[in-house]
Number of protein chains: 2
Amino acid sequence: MLIERSPLVDHGVARALADPTRRRILELLAGEQLCTCHLVEELGATQTNVSNHLRVLREAGLVVSEQAGRYAYHRLVPDRLERMSAGLAALASRSRLALAVRRPCG
Amino acid sequence: MLIERSPLVDHGVARALADPTRRRILELLAGEQLCTCHLVEELGATQTNVSNHLRVLREAGLVVSEQAGRYAYHRLVPDRLERMSAGLAALASRSRLALAVRRPCG
DNA sequence: ACGTCTCATCAGCGCGTGCTGATAGAACGC
DNA sequence: GCGTTCTATCAGCACGCGCTGATGAGACGT
């Protein structure tokens, strides 16, 4: 409902991180590059389900997929994660100073 | 559908950050402590809506609310944000090394 | 060429969630 | 006491989203 002006954290990334299965995928891909079938096996999820989650992660710029024969290898892109990490750190840092300020009410 | 074992990022926090309005609330609270009526005015949202979002943020441990007369002042708690920031940074750091590794398929 | 394997997309379903209006309660001013 | 203000909670609704089975496309082995 709200249009963001200069967001400290990207909406697509934040939304992608909101799902437990997608976070698990990111953790797995943080260890090594994996193809879809690996993820299906590791997660115990449906192939369709994994594929859908990968699409969300790809659209968020968190994952890049590369076709290798009939397999599709996926790798994690650190950039967006680091940007969001920095955004959250900035938010936390600011808030420490904000504890002293209280806008008067009424 | 998935039970997390030792999550790098907390589910409540990640879920709370997924909504644009809640992120805007966090940004506003990062600048100064505000009461509910301030947030209603700044966001142009309904009082009920803001109140619901604040409840989610409180349950995630991101915001603490304090009653001051008939007003309720809300402040951002940096702790969980910093923890998630660190978790994302760790994930990104790991992934840089993972780019070299590719699990064989089949 | 044919079957198999991997993977993505599609249509559909059910539940979670964001939003709302109405209600209730607590604090302040008169 | 009484009305007003600020806030949280409660039902209810509508949309989004995660999950599924089925289908289709591309690559490999025989």
Side-chain angles (χ1 to χ4, degrees), chain A residues 1-4 10-26 28-29 33-60 62-75 102-106, chain B residues 1-4 10-26 28-29 33-60 62-75 102-106:
Chain A
M1 68 152 285
L2 198 67
I3 301 176
E4 307 186 80
D10 180 66
H11 178 62
V13 175
R15 185 190 159 281
L17 289 173
D19 184 85
T21 304
R22 283 196 289 268
R23 288 198 301 273
R24 186 87 189 93
I25 291 178
L26 292 181
L28 289 170
L29 291 182
Q33 294 191 43
L34 297 172
C35 70
T36 312
C37 57
H38 289 146
L39 292 170
V40 170
E41 187 178 4
E42 293 275 353
L43 297 169
T46 311
Q47 179 267 322
T48 303
N49 189 10
V50 173
S51 218
N52 282 330
H53 283 308
L54 283 170
R55 188 174 51 82
V56 175
L57 292 170
R58 222 174 304 140
E59 287 174 357
L62 291 172
V63 166
V64 166
S65 303
E66 179 188 352
Q67 203 73 22
R70 48 177 166 173
Y71 305 110
Y73 272 95
H74 312 281
R75 62 171 171 272
R102 178 178 283 198
R103 187 191 294 187
C105 203
Chain B
M1 64 149 287
L2 199 66
I3 301 177
E4 306 185 81
D10 180 67
H11 178 61
V13 174
R15 186 190 158 283
L17 289 173
D19 184 85
T21 304
R22 283 198 286 268
R23 288 197 300 273
R24 188 86 188 94
I25 290 178
L26 291 181
L28 289 170
L29 291 182
Q33 293 191 41
L34 297 172
C35 70
T36 312
C37 56
H38 288 145
L39 292 170
V40 169
E41 187 178 5
E42 292 276 354
L43 298 168
T46 311
Q47 179 266 321
T48 302
N49 189 11
V50 172
S51 219
N52 283 331
H53 283 308
L54 283 170
R55 187 174 52 80
V56 175
L57 292 171
R58 222 170 335 189
E59 288 174 357
L62 291 172
V63 165
V64 166
S65 302
E66 179 188 353
Q67 202 72 21
R70 51 176 166 173
Y71 305 110
Y73 271 95
H74 312 282
R75 64 169 170 273
R102 176 177 285 197
R103 187 191 296 186
C105 205

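Sequence lines set the chain letters: A, B, ... in the order given, protein chains first and strands last, and positions in each chain run from 1.
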Any protein N or O atoms within reach of nucleotides 13-17 of chain D? Criterion: under 3.5 Å, listing atom names and distances.
residue: D:dC17; atom: OP1; partner: A:Arg15; partner atom: NE; Å: 3.0

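- Contact between the side-chain N/O atoms of B:Thr36 and the OP1/OP2 oxygens of D:dC6 is not found at any separation under 4.0 Å.
- If you take CG of A:Asn52 and P of C:dG12, they are 16 Å apart, rounded to a whole angstrom.
- OP1 or OP2 of C:dT20 sits under 4.0 Å from a side-chain N or O of B:Thr46.
- Taking atom CZ of residue B:Arg55 and atom P of nucleotide C:dG18, one finds them 10 Å apart after rounding to whole Å.
- Atom OH of B:Tyr71 and atom P of D:dT4 are 16 Å apart (whole Å).
- A:His74 comes within 4.0 angstrom of the backbone, heavy atoms only, and of no base.
- No hydrogens or angles considered: a donor-acceptor pair under 3.5 Å links the side chains of A:His53 and A:Arg22.
- Counting only heavy atoms from C-beta on, B:Arg58 has its side chain closest to D:dA8 among C:dT20, C:dA8, D:dA8.
- Taking atom CG of B:Leu54 as the reference point, atom C1' of C:dC19 lies 15 Å away to the nearest angstrom.
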| query | How does protein contact run along nucleotides 22-30 of chain C, one letter per nucleotide 5' to 3', with B for base contact, S for sugar-phosphate only, - for none, heavy atoms under 4.0 Å? | reply | B----SS--
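- For the pair A:Asn49 CG and C:dC15 P, the interatomic distance rounds to 17 Å; values are reported in whole Å.
- Rounded to the nearest 0.5 Å, atoms NE2 (B:His38) and CG (B:Leu43) are 12.5 Å apart.
- Partners of B:Arg58 under the side-chain contact (heavy atoms from CB on, under 4.5 Å) rule, at least two apart in sequence or in another chain, are B:Leu54, B:Arg55, B:Ser65.
- Residue contacts shown for A:Cys35 are limited to sugar-phosphate atoms, with no base heavy atom under 4.0 Å away.
- Panel note: side chain B:Tyr71, backbone B:Glu66; no donor-acceptor pair is recorded below 3.5 Å.
- Using a 4.0 Å heavy-atom cutoff across all strands shown, A:Ser51 reaches at least one base atom of the nucleic acid.
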| request: With salt bridge (Lys or Arg N to Asp or Glu O under 4.0 Å) as the test, would you mind laying out the steps for B:Arg103 and A:Glu42 before giving the verdict? | output: CA-CA 13 Å; B:Arg103 187 191 296 186; A:Glu42 293 275 353; 3.2 Å; yes
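- Rounded to whole Å, atom C1' of C:dT6 lies 15 Å from atom CG of A:Leu34.
- Closest approach of B:Cys37 to B:Cys35, counting heavy atoms only: SG-SG, 2.7 Å.
- The 12-atom threshold is not exceeded at CD of A:Glu41, counting heavy atoms of other residues, nucleotides or ligands nearer than 6.0 Å.
- Here C:dT20 presents its P atom at 9 Å from NE2 of B:His53, a figure rounded to the nearest Å.
- Taking both residues in full, the closest heavy atoms of B:Val50 and B:Ala45 are given as CG2-CB, 4.0 Å, listed atom of the first, atom of the second, then distance.
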| query | Please walk me through it: do B:Leu17 and A:Leu17 pass side chain to side chain contact (heavy atoms under 4.5 Å, CB included)? | reply | CA-CA 9 Å; B:Leu17 289 173; A:Leu17 289 173; over 6 Å; no
